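Remember, predicted model here, so these are calculated numbers, not experimental data.
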Amino acid sequence: MSTLNTELQTKCVNTIRTLSIDAIQKANSGHPGMPMGCAPIAHLLYSKILKHNPANPKWLNRDRFILSAGHGSMLLYSSLHLAGYGVSLDDIKNFRQWESKTPGHPEVNETPGVETTTGPLGQGIVNAVGMAVAYSHLAERYNKDEVKLLDHFIYAITSDGEIMEGISHEASSFAGHNKLSNLILFYDDNNISIEGNVTITMSEDVASRYEAYGWHVQVVEDVNDLDVLETAVLEAQKDGRPSIIITKTHIGYGSPNKQDTSASHGAPLGAEEIELTKENLGFPKEKHFFVPEEVTEFYSSVKTVGKEKEDEWNKIFSEYKEKYPKEAEEFLNILNGEFGSEWFDAVPEFKPEDGKIATRAASGKVINAIADSLPTLLGGSADLAGSNNTQIKNSESFCVDNYAGRNFHFGVREHSMAAILNGMALYGGLIPYGGTFLVFMDYMKSPMRMAALMEQKVIFVLTHDSIGLGEDGPTHQPIEHLMNLRSIPNLVMLRPADANETAEAWKFAIQHKGGPVALCLTRQGLPILSADKVKDSSKGAYILRDTAETPDVILMSTGSEVELAAKAADKLAEEKIEARVVSLPSWELFDKQTEEYKETILPKNVRARVSIEAGIKMGWERFIGFEGEAVSLDRFGASAPAGVLFEKFGFTVENVVEKAKKAIERNK
């Protein structure tokens with residue numbers, strides 16, 4: 001093997017460093033230390049290791065690179081620019097500015113070559129695990145002994161701060177247990193965090209920790225030794241386990257006064273220090289955003305080699321299509337999001353005479369009804385499959401002996417589960433779902449928000465959605481969580497009132513694009529509504545029970561409380577009070593309807609309104625106004641049977657009737 005430790009290679013590495021510090025200085029904002037320390041890793045990857053084609057950043061069989069430590073984004077942008085992606089020098093100069101291709105942290109939909117949005121520490125590591133999961137599943141399903149459609153690696157760079165984050169423990173344990181062998185993680189081990197040396201916060205042996213997870217572990221004592229670094233990567237590729245390469249780096253490398261200090265972490269070096277750094281690295285101090293001609297020439301070969309690699313793969317795929325036309329057609333369809341209509345036709349219709357059924361149980365029935373005709377649907381639970389009803393009964397489990405299995409056992413790792421689902425969705429070709437109790441979405445909030453930010457198709461199955469779960473008590477009874485979900489932009493939440501609304505919710509979730517969907521489902525059984533009545537539930541709100549004339553009051557509700565609204569309307573009718581009942585399973589979908597449709601559901605001239613939901617009132621004012629009444633729960637729950645709790649907390653026909661009368665009286 002010829003040496004990589006040449007003057008030209010060093011100049012390439014230092015170009016990444018100087019582009020990064022110049023961009024951060026011009027923006028007067030950013031994190032120079034990490035790009036300066038990790039530049040050798042990025043250079044080695046983009047110039048030699050990665051199988052990629054800058055002319056086609058979405059080539060399916062490309063290696064994925066994730067900058068999990070997203071604060072070091074200029075490391076990525078500088079590398080993408082040099083490698084020939086659609087990141088110009090002007091884009092570099094426009095770092096962190098309005099509508100720039102180079103935002104402060106990498107964003108998947110903004111910059112060609114960026115695989116995932118990173119910044120919240122630890123999320124990128126887990127997205128990488130999710131991508132490795134998706135690769136393993138699809139490769140086992142579609143690869144043949146003589147023709148490999150998928151044959152690539154997932155690389156990521158992580159940091160000291162991310163190694164501290166709990167989510168990195170969860171995901172690393174999951175990856176080691178499942179032997180995700182195409183996952184290679186570089187650990188930027190520079191011993192510095194914002195508050196100083198990491199010895200003030202951590203003292204564990206990271207290498208031993210990852211060995212305990214079942215990972216292949218290597219240590220590179222000097223990240224600037226490209227030969228040793230390359231050898232470590234080649235060893236990792238061959239091992240058969242997920243790999244971590246612990247690279248000893250220097251934050252702010254090359255800065256005479258700020259190297260190895262937290263001062264280089266999150267602020268520009270300053271004009272004077274940049275000049276000293278450039279002199280130290282052998283670059284002209286008076287030149288800004290300088291790329292030596294020989295560096296440009298060297299990197300020009302990256303595009304040529306990348307095109308050749310994709311052309312080779314296209315020949316392999318042509319051979320595959322000839323030998324396995326059925327598999328090839330299915331493969332292309334799922335990657336293009338073309339699911340056909342068979343799954344839609346398989347969605348069950350529930351009948352009122354079947355009796356009560358919990359919406360979590362109805363959800364499980366839908367999953368199993370459509371699973372055979374929708375092979376791209378897969379998922380699992382955070383150790384609650386039996387409660388969440390997330391298991392595909394005629395499929396096996398995803399495990400090291402069967403990556404083709406569609407049932408995932410994420411373990412008690414809610415935070416990691418959600419971020420793994422994001423990685424699976426980002427990889428493409430799959431519709432991943434994950435389940436837990438609604439109250440535990442607190443653990444999942446960050447990756448749920450990231451799914452929404454990245455507009456990824458992930459389905460969150462959140463059961464035991466209210467005090468209706470009963471005796472487990474306030475620790476398990478969600479109160480503020482429905483509003484929390486409604487507050488996340490791009491996320492659509494549906495809280496169905498019965499089994500047929502649940503079926504409609506699943507139809508929507510499968511077809512929806514542009515963000516995640518959260519299904520909030522009951523533990524307790526609910527009466528089944530007529531399928532004809534709920535057909536408009538995908539519009540977010542519809543009239544379940546109407547009046548002959550203009551209603552005296554509108555009772556609006558979601559989920560299990562819709563039954564209560566209907567019973568209260570019956571009671572009001574006995575007193576000659578006409579009440580319209582509106583089921584409002586999704587505020588987000590209702591917001592998207594025309595003003596004309598909204599007026600037909602909630603006419604402005606009917607100001608007597610009552611909201612009924614077993615959660616906090618906050619937010620319902622948008623529908624009931626100041627003149628309306630709310631049957632809500634603005635305190636924590638209690639441990640008791642569900643029926644007792646609903647009674648004690650005022651979710652009774654009598655209380656709803658009283659509230660309706662108050663609203664009517666107030667609006668006379």
Side-chain angles (χ1 to χ4, degrees), residues 344 347-352 357 359 362-363 366 465 482 485-486 492-512 517-522 526-570 572-573 578-615 619-620 622-625 628 630-631 656 660 663:
F344 190 91
V347 175
E349 181 178 303
F350 300 88
K351 300 184 183 304
I357 179 174
T359 53
S363 172
V366 173
D465 69 347
L482 296 174
L485 288 170
R486 289 172 179 140
V492 175
M493 187 199 84
L494 294 108
R495 188 176 184 233
D498 84 318
N500 283 317
E501 274 198 24
T502 303
E504 292 296 321
W506 267 105
K507 288 179 185 177
F508 171 81
I510 297 296
Q511 297 175 96
H512 180 58
V517 174
L519 306 179
C520 297
L521 308 170
T522 66
L526 301 177
I528 297 173
L529 304 172
S530 166
D532 289 338
K533 287 186 177 180
V534 308
K535 63 182 183 299
D536 286 333
S537 63
S538 60
K539 293 181 179 179
Y542 67 97
I543 299 170
L544 178 64
R545 182 190 189 281
D546 209 0
T547 59
E549 304 294 335
T550 301
D552 298 311
V553 64
I554 298 175
L555 308 179
M556 61 191 77
S557 190
T558 72
S560 54
E561 290 77 70
V562 171
E563 177 189 8
L564 174 59
K567 289 180 177 179
D570 290 339
L572 288 165
E578 296 296 320
R580 171 181 290 181
V581 177
V582 172
S583 177
L584 221 165
S586 175
W587 292 15
E588 298 80 21
L589 296 183
F590 189 50
D591 280 344
K592 294 180 184 297
Q593 305 309 310
T594 64
E595 290 303 316
E596 290 77 12
Y597 181 78
K598 293 176 185 177
E599 178 66 16
T600 64
I601 306 300
L602 300 176
K604 294 182 178 65
N605 65 329
V606 182
R607 301 176 67 180
R609 302 178 177 187
V610 180
S611 64
I612 310 161
E613 185 173 73
W620 276 106
R622 65 183 299 186
F623 296 119
I624 62 174
V631 179
V656 174

Taking the side chain from [X] and the backbone from [Y], do they hold a donor-acceptor pair closer than 3.5 Å?
{"X": "K592", "Y": "L589", "value": "no"}
{"X": "T359", "Y": "T522", "value": "yes"}
{"X": "E613", "Y": "E561", "value": "no"}
{"X": "S538", "Y": "F508", "value": "no"}
{"X": "R580", "Y": "I601", "value": "yes"}
{"X": "E578", "Y": "T550", "value": "no"}

Q: Sequence neighbours left out, what passes ring-ring contact (aromatic ring centres under 6.0 Å, His included) with F350? Give chain and number order.
A: none
Rounded to the nearest 0.5 Å, what separation is found between the [atom1] atom of [X] and the [atom2] atom of [Y]?
{"X": "L526", "Y": "L521", "atom1": "CG", "atom2": "CG", "value": "10.0 Å"}
{"X": "E599", "Y": "T594", "atom1": "CD", "atom2": "OG1", "value": "10.5 Å"}
{"X": "D536", "Y": "L544", "atom1": "CG", "atom2": "CG", "value": "11.5 Å"}
{"X": "I528", "Y": "E349", "atom1": "CD1", "atom2": "CD", "value": "10.5 Å"}
{"X": "S611", "Y": "L584", "atom1": "OG", "atom2": "CG", "value": "10.0 Å"}
{"X": "S586", "Y": "E504", "atom1": "OG", "atom2": "CD", "value": "13.0 Å"}

**Q.** F344, CZ: over 12 other non-hydrogen atoms inside 6.0 angstrom
**A.** no
Q. Is the count of non-hydrogen atoms from other residues, nucleotides or ligands lying under 6.0 Å from R607 atom CZ greater than 12?
A. no
Q: Would you please test V534 and S583 for side-chain contact (heavy atoms from CB on, under 4.5 Å) and show each step?
A: CA-CA 9 Å; V534 308; S583 177; over 6 Å; no
Could you check whether any side-chain heavy atom of [X] comes within less than 4.5 Å of a side-chain heavy atom of [Y], counting everything from C-beta outward?
{"X": "T502", "Y": "L519", "result": "no"}
{"X": "K533", "Y": "D498", "result": "no"}
{"X": "C520", "Y": "L482", "result": "yes"}
{"X": "E501", "Y": "Y542", "result": "yes"}

What is the minimum heavy-atom distance between [X] and [Y], and which atoms define it?
{"X": "A497", "Y": "L529", "value": "CB-CD1, 4.4 Å"}
{"X": "R545", "Y": "A579", "value": "NH1-O, 3.4 Å"}
{"X": "V656", "Y": "I612", "value": "CG1-CD1, 3.7 Å"}
{"X": "S537", "Y": "P585", "value": "O-CG, 3.7 Å"}
{"X": "S363", "Y": "W506", "value": "OG-NE1, 2.9 Å"}
{"X": "R486", "Y": "T558", "value": "NH2-CG2, 3.8 Å"}

(Q) If the threshold is 4.0 Å, N to carboxylate O, is there a salt bridge linking K567 and E563? (A) yes
Q. Between V582 and I554, is a side-chain contact (heavy atoms from CB on, under 4.5 Å) present by the stated rule, with each step listed?
A. CA-CA 7 Å; V582 172; I554 298 175; 3.9 Å; yes
Q | Parallel, tilted or perpendicular: ring planes of F623 versus F590, cut at 30 and 60 degrees | A | tilted
Q: Check step by step if side-chain contact (heavy atoms from CB on, under 4.5 Å) holds for I624 and M556.
A: CA-CA 9 Å; I624 62 174; M556 61 191 77; 4.2 Å; yes
Q. What's the verdict on side-chain contact (heavy atoms from CB on, under 4.5 Å) for L572 and L555, showing C-alpha distance, side-chain angles and the deciding distance?
A. CA-CA 11 Å; L572 288 165; L555 308 179; 4.2 Å; yes
Q: Start with the C-alpha distance between T547 and E549, add both sets of side-chain angles, then the distance that settles side chain to side chain donor-acceptor pair (under 3.5 Å), and finish with yes or no.
A: CA-CA 5 Å; T547 59; E549 304 294 335; over 6 Å; no
